[in-house]
Trainee: 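My questions will all concern the structure given below.
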Protein chains: 2
Amino acid sequence: MDRFDIALLEALQADSRRSMAELGDRIGLSASACHRRIKALEDAGLIAGYAARLDPEALGLTLQAFVEMSLTSQSRETMDRFEAAVADFPEILECHLMAGQADYLLRVAAADLKGFDAIHRDCLARLPGVSAIRTSFAIRRIRDWQGYRLRGLRASP
Amino acid sequence: MDRFDIALLEALQADSRRSMAELGDRIGLSASACHRRIKALEDAGLIAGYAARLDPEALGLTLQAFVEMSLTSQSRETMDRFEAAVADFPEILECHLMAGQADYLLRVAAADLKGFDAIHRDCLARLPGVSAIRTSFAIRRIRDWQGYRLRGLRASP
DNA sequence: CATGAAACTCGATGGCA
DNA sequence: TGCCATCGAGTTTCATG
């Protein structure tokens, strides 16, 4: 993990379809060197995969919601059942176990309020062991996900 | 936007490095047809770009935080200044204007609490017009981002 | 009008000094 | 590591239903 690797990761995070030659020019390495380093980064698990970034607005998914959930109990069993159920619903885009009130934060996208209602009924309300749900809707996206900031990471040059 | 396009978007969202031939086999179309449709989806803005998905844990970014912020005023000017400042800090991974209490939800990643403190001082505390900050840390990622669910979208076949 | 097959071209991939 | 050869995939062209 030297500055070349960090530069590669940043470049691939921003646009993974750049050619090896272009990446090489950008960071000051040859194309084959880039290829080798990228392969190493993939094998090391730093690069988990490559994905197309879709525009939710263009897809008609104009409603993004963050849903906080509290469980009826913090027992291992209740949490395990809840987490297993979350994995079954692809409508749940993300789910985090949060510190503080020991509850979960979920993220959901829908076309509109009607679509969110459907998700609420078919998915959120079916999660087991939930005692309270608090939904917050996003009005506007000020800054959308464009990757992690890598400068300032532990570099071993 | 028929079922082929939706299948293509789902496949590319999961893994954008599949070859045209493989995509064709998967959805039942030829490679060149896939290529044309993908180009159309790009031109239409449905595909915003292609990105490498990095593993934050492997990068050493083990701490994810969601930060709620309230402003001193809901005036247009205060909000504009705040939003412009957010754009200047790449440490802020995401930022949403939220409904309800008219405040913002930010997302941040750091290596550890020390790193988060640095972000707090250098970045969050420098945002203008902030009256209150409430930070929630994620303990564990139950389900991480794997793309939007596209089945059930408006398809015009 | 979009598709599929084939031709063409470019970049990814692997061996070499 | 960089250079170069090979090979596979992306890209374009064209005829077809």
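From a predicted model like this one, the values you see are computed outputs, not experimental measurements. Within every chain, numbering begins at 1; the chains are lettered A, B, ... in the order of the sequence lines, protein sequences first and strands thereafter.
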Trainee: Take A:R141 and A:E57 through the test salt bridge (Lys or Arg N to Asp or Glu O under 4.0 Å) and record every step on the way to the result.
Mentor: CA-CA 10 Å; A:R141 189 174 283 225; A:E57 311 268 329; 5.7 Å; no
Trainee: CG/A:L23 to CG/A:L12 distance, rounded to the nearest 0.5 angstrom?
Mentor: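 CG of A:L12 is found 5.5 Å from CG of A:L23.
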Trainee: Using atom NZ of B:K39 as one end and atom P of D:dT12 as the other, report the distance to the nearest whole Å.
Mentor: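 So the two atoms are 7 Å apart, to the nearest Å.
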Trainee: Return the orientation label for the A:W145 and A:Y148 ring planes: parallel under 30°, perpendicular over 60°, tilted otherwise.
Mentor: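 Correct class here is perpendicular.
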Trainee: Would you say that more than 12 heavy atoms from the other residues, nucleotides or ligands in this model lie under 6.0 Å from the CZ of A:R151, or not?
Mentor: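 No, not enclosed.
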Trainee: How does DNA chain D look in dot-bracket form if you count Watson-Crick and G-U pairs under 3.5 Å, write [ ] for pairs that cross, and put | where a base pairs with another strand?
Mentor: |||||||||.|||||||
Trainee: Do you know which of A:R134, A:Q74, A:M98 makes side chain to side chain contact (heavy atoms under 4.5 Å, CB included) with A:D103?
Mentor: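 In the set A:R134, A:Q74, A:M98, the residue that makes a side chain to side chain contact (heavy atoms under 4.5 Å, CB included) with A:D103 is A:M98.
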Trainee: Checking A:D25 against A:R18 for the salt bridge (Lys or Arg N to Asp or Glu O under 4.0 Å) test, could you report, in this order, the C-alpha distance in whole Å, the side-chain angles of both residues, the deciding distance, and whether it holds?
Mentor: CA-CA 11 Å; A:D25 288 344; A:R18 279 192 258 256; over 6 Å; no
Trainee: Establish whether the base of D:dC3 is bridged to the side chain of A:S32 by a donor-acceptor pair shorter than 3.5 Å.
Mentor: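 Check passes, donor-acceptor contact within cut-off.
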Trainee: Let me know the distance between NE2 of B:H35 and P of D:dG10, rounded to the nearest Å.
Mentor: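 These atoms are roughly 8 Å apart.
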Trainee: Are any side-chain N or O atoms of A:R143 and backbone N or O atoms of B:I92, one a donor and one an acceptor, separated by less than 3.5 Å?
Mentor: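 Yes: the side chain of A:R143 pairs with the backbone of B:I92.
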Trainee: Using whole Å, what does the distance between atom P of nucleotide D:dG10 and atom CD of B:E42 come to?
Mentor: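 Going from B:E42 (CD) to D:dG10 (P), I get 12 Å.
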Trainee: Tell me whether the rings of A:F66 and B:H96 are parallel (<30°), tilted (30 to 60°) or perpendicular (>60°).
Mentor: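 Perpendicular.
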Trainee: By nearest heavy atom, map A:G28 and A:R17 onto DNA chain D; which one lands nearer the 5' end?
Mentor: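 Upstream on the strand: A:G28.
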Trainee: Identify the 5'-most and 3'-most nucleotides of DNA chain C with at least one atom closer than 4.0 Å to a non-hydrogen atom of chain B.
Mentor: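 Boundary nucleotides touching chain B, in 5' to 3' order, are C:dT3 to C:dA5.
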Trainee: Tell me: CG of B:D43 to P of D:dT11, nearest whole Å?
Mentor: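 Distance, rounded to whole Å: 12 Å.
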Trainee: Taking for each residue the nucleotide of DNA chain C with the nearest heavy atom, is it A:R36 or A:M20 whose nucleotide lies nearer the 5' end?
Mentor: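 Its nearest nucleotide lies further toward 5', so the answer is A:M20.
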